[in-house]
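Each remark here refers to the structure printed beneath this line.
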Amino acid sequence: MAKTRLSEKATYVARGYGQVEPNHLSAQKTAQIYAQLPAAADIDILENGQFATYNYAAADGGAVDFEGAGEWMMVFNEIKLYRDFEQDCDFAMKKEDYVARVYSPIDGTQALTEWQARFYGAKDSEGKDNAERVTKPASPYEVDSTDDPFKVVENYKKPKFMPEGTRMVPRLFKINIGDIWTTNTIKAEPGSLEVGMTLTPDTDGYLKVGEGADALHPTMQIVKVYTMPDMQPGVKVMRIK
């Protein structure tokens, strides 16, 4: 168990990294959970309770970063701990812990097109298939089979690798108005937060005191100055707009 704060920016954390206790997160029922895009290559750590954007327009097919045009969503990764003495505060998604190379076993964007001959007969004197020979009947066991002497074969069997410099694929929760959770992943000094104050994601995704600029930058209200499950200081928040 961490004895000191490991989070560099969430100064409200007393020990370890930022945490989330889900009190009422609608995404757990609505399935508004996003976990398909890799974290941008320049992101080394993502703490639970931090916010990020799902930037599908980014290079190499999209990325989780802090620059997307869409709504800010909350990082809430599955907590994975492998030592008996570790607690939830010891977990954060750190790039150094992940060595993922293959993004998908099949690359649906890189089709390898081949022409497959479908007729009787040997090759001609130049070693080319004689397309004037009689064609074979369409095969009932072959997808899209026809009597055409040549058939296009689309081969998607090659894997798709992670974009250069990326290793981890985080999980983001859509936070709807009325959602409630307890967290300490906040850029604020201990003892400085009070009921009624509002929080919004900063440019690095950590919550800070203030209101969101628009609907894409959510505003959370502190509804209770509380504790995390491990008795660290925390606040219960509700999204209000």
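Hydrogens, waters and symmetry mates play no part in the numbers below; they use all other heavy atoms, side chains included.
Remark: Lys187 is not positioned above the aromatic ring of Tyr206, lacking an NZ or CZ atom under 6.0 angstrom from the ring centre and at most 45 degrees off the axis.
Annotation: the span from Phe51 atom CZ to Thr185 atom OG1 amounts to 9.5 Å, rounded to 0.5 Å. Taken to the nearest 0.5 Å, the CZ atom of Arg101 stands 5.5 Å off from the CZ atom of Phe161. Distance check: Leu172 CG to Leu37 CG gives 9.0 Å after rounding to the nearest 0.5 Å. Summarising the geometry, atom OG1 belonging to Thr183 is positioned 13.0 Å from atom NZ belonging to Lys236; distances are rounded to the nearest 0.5 Å. With rounding to the nearest 0.5 Å, the separation of CD1 in Ile222 from CG in Leu199 is 4.5 Å. We find the CD-OH distance between Glu189 and Tyr12 to be 10.5 Å, quoted to the nearest 0.5 Å.
Side-chain contact between Val237 and Val223 is absent, with no heavy-atom pair separated by less than 4.5 Å. Using a 4.5 Å heavy-atom cutoff, the side chains of Met228 and Asp88 are not in contact. Considering only heavy atoms from C-beta on, Pro201 comes within 4.5 Å of Met220 through its side chain. A heavy-atom distance below 4.5 Å is not found between the side chains of Arg239 and Asn176. The shortest side-chain heavy-atom distance between Arg171 and Val75 does not fall under the 4.5 Å cut-off. In this structure, Thr166 and Asp60 have side chains that are not in contact, with every pair of non-hydrogen atoms separated by 4.5 Å or more. For the pair Phe76 and Ile33, the minimum side-chain heavy-atom distance is 4.5 Å or more.
Lys3 and Arg15 get closest at one heavy-atom pair: O-CG, 3.9 Å. For the residue pair Pro170 and Ala39, the shortest heavy atom distance occurs at CD-N, 3.6 Å. The minimum heavy-atom distance between Gly62 and Pro38, with the atom names listed, is O-CD, 3.9 Å. Gly205 approaches Trp72 most closely through the heavy-atom pair CA-CZ3, 3.7 Å. Across Ala100 and Met162, no two heavy atoms sit closer than the pair O-CG, 3.7 Å. Here the closest non-hydrogen pair linking Val225 and Val235 is CA-CG1, 4.2 Å.
The environment of Tyr226 atom OH is sparse: at most 12 non-hydrogen atoms of other residues, nucleotides or ligands sit within 6.0 angstrom. Around the CD atom of Glu8, the shell of radius 6.0 Å holds no more than 12 heavy atoms that belong to other residues, nucleotides or ligands.
Note on Val64 and Leu207: same hydrophobic cluster, where clusters join Ile, Leu, Val, Met, Phe, Trp and Tyr whose side-chain heavy atoms are under 4.5 Å apart, directly or indirectly. A chain of hydrophobic side-chain contacts below 4.5 Å, direct or via other Ile, Leu, Val, Met, Phe, Trp or Tyr residues, connects Tyr56 to Tyr34. A continuous path of Ile, Leu, Val, Met, Phe, Trp and Tyr side chains, each step under 4.5 Å between heavy atoms, connects Leu46 with Trp181, placing both in one hydrophobic cluster. Follow the hydrophobic side-chain contacts under 4.5 Å out from Ile180 and you reach Ile240 in the same cluster. Hydrophobic clustering, with ILVMFWY side chains joined whenever heavy atoms are under 4.5 angstrom apart, groups Val169 together with Tyr98.
Between the side chain of Asp179 and the backbone N or O of Ser26, at least one donor-acceptor pair lies under 3.5 Å. The backbone N or O of Ala14 sits less than 3.5 Å from a side-chain atom of Gln232, completing a donor-acceptor pair. Judged by distance alone, the side chain of Lys80 and the main-chain N or O of Met93 form no donor-acceptor pair under 3.5 Å. A donor-acceptor pair is defined here as one N or O able to donate and one able to accept, closer than 3.5 Å; such a pair exists between the side chain of Thr200 and the backbone of Pro218. No donor-acceptor pair closer than 3.5 Å links the side chain of Asn55 to the backbone N or O of Ala63. In terms of modelled atom types and a separation under 3.5 Å, the side chain of Thr227 and the main chain of Gly234 share no donor-acceptor contact. Remark: the backbone N or O of Glu71 is not paired with any side-chain donor or acceptor of Lys174 at under 3.5 angstrom.
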- request: For salt bridge (charged side-chain N to carboxylate O under 4.0 Å, His left out), just list the numbers for Lys241 and Glu211, CA-CA rounded to whole Å, side-chain angles, deciding distance to a tenth of an Å, and then say yes or no.
  value: CA-CA 9 Å; Lys241 61 182 179 180; Glu211 294 197 6; 2.9 Å; yes
task: Apply side chain to side chain contact (heavy atoms under 4.5 Å, CB included) to the pair Ile43 and Phe66, showing each step before the final yes or no.
output: CA-CA 10 Å; Ile43 295 179; Phe66 309 120; 3.9 Å; yes
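In terms of the salt bridge (Lys or Arg N to Asp or Glu O under 4.0 Å) criterion, residue partners of Glu86 (sequence neighbours excluded) are, by chain and number, Arg83.
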If you look only at distance, which donor and acceptor atoms sit under 3.5 Å apart when one is on a side chain in residues 18-25 and the other is two or more places apart or in another chain?
{"from": "Gln19", "atom 1": "NE2", "to": "Asp230", "atom 2": "OD2", "distance (Å)": "3.0"}
{"from": "Asn23", "atom 1": "OD1", "to": "Thr182", "atom 2": "N", "distance (Å)": "3.2"}
{"from": "Asn23", "atom 1": "OD1", "to": "Thr182", "atom 2": "OG1", "distance (Å)": "2.8"}

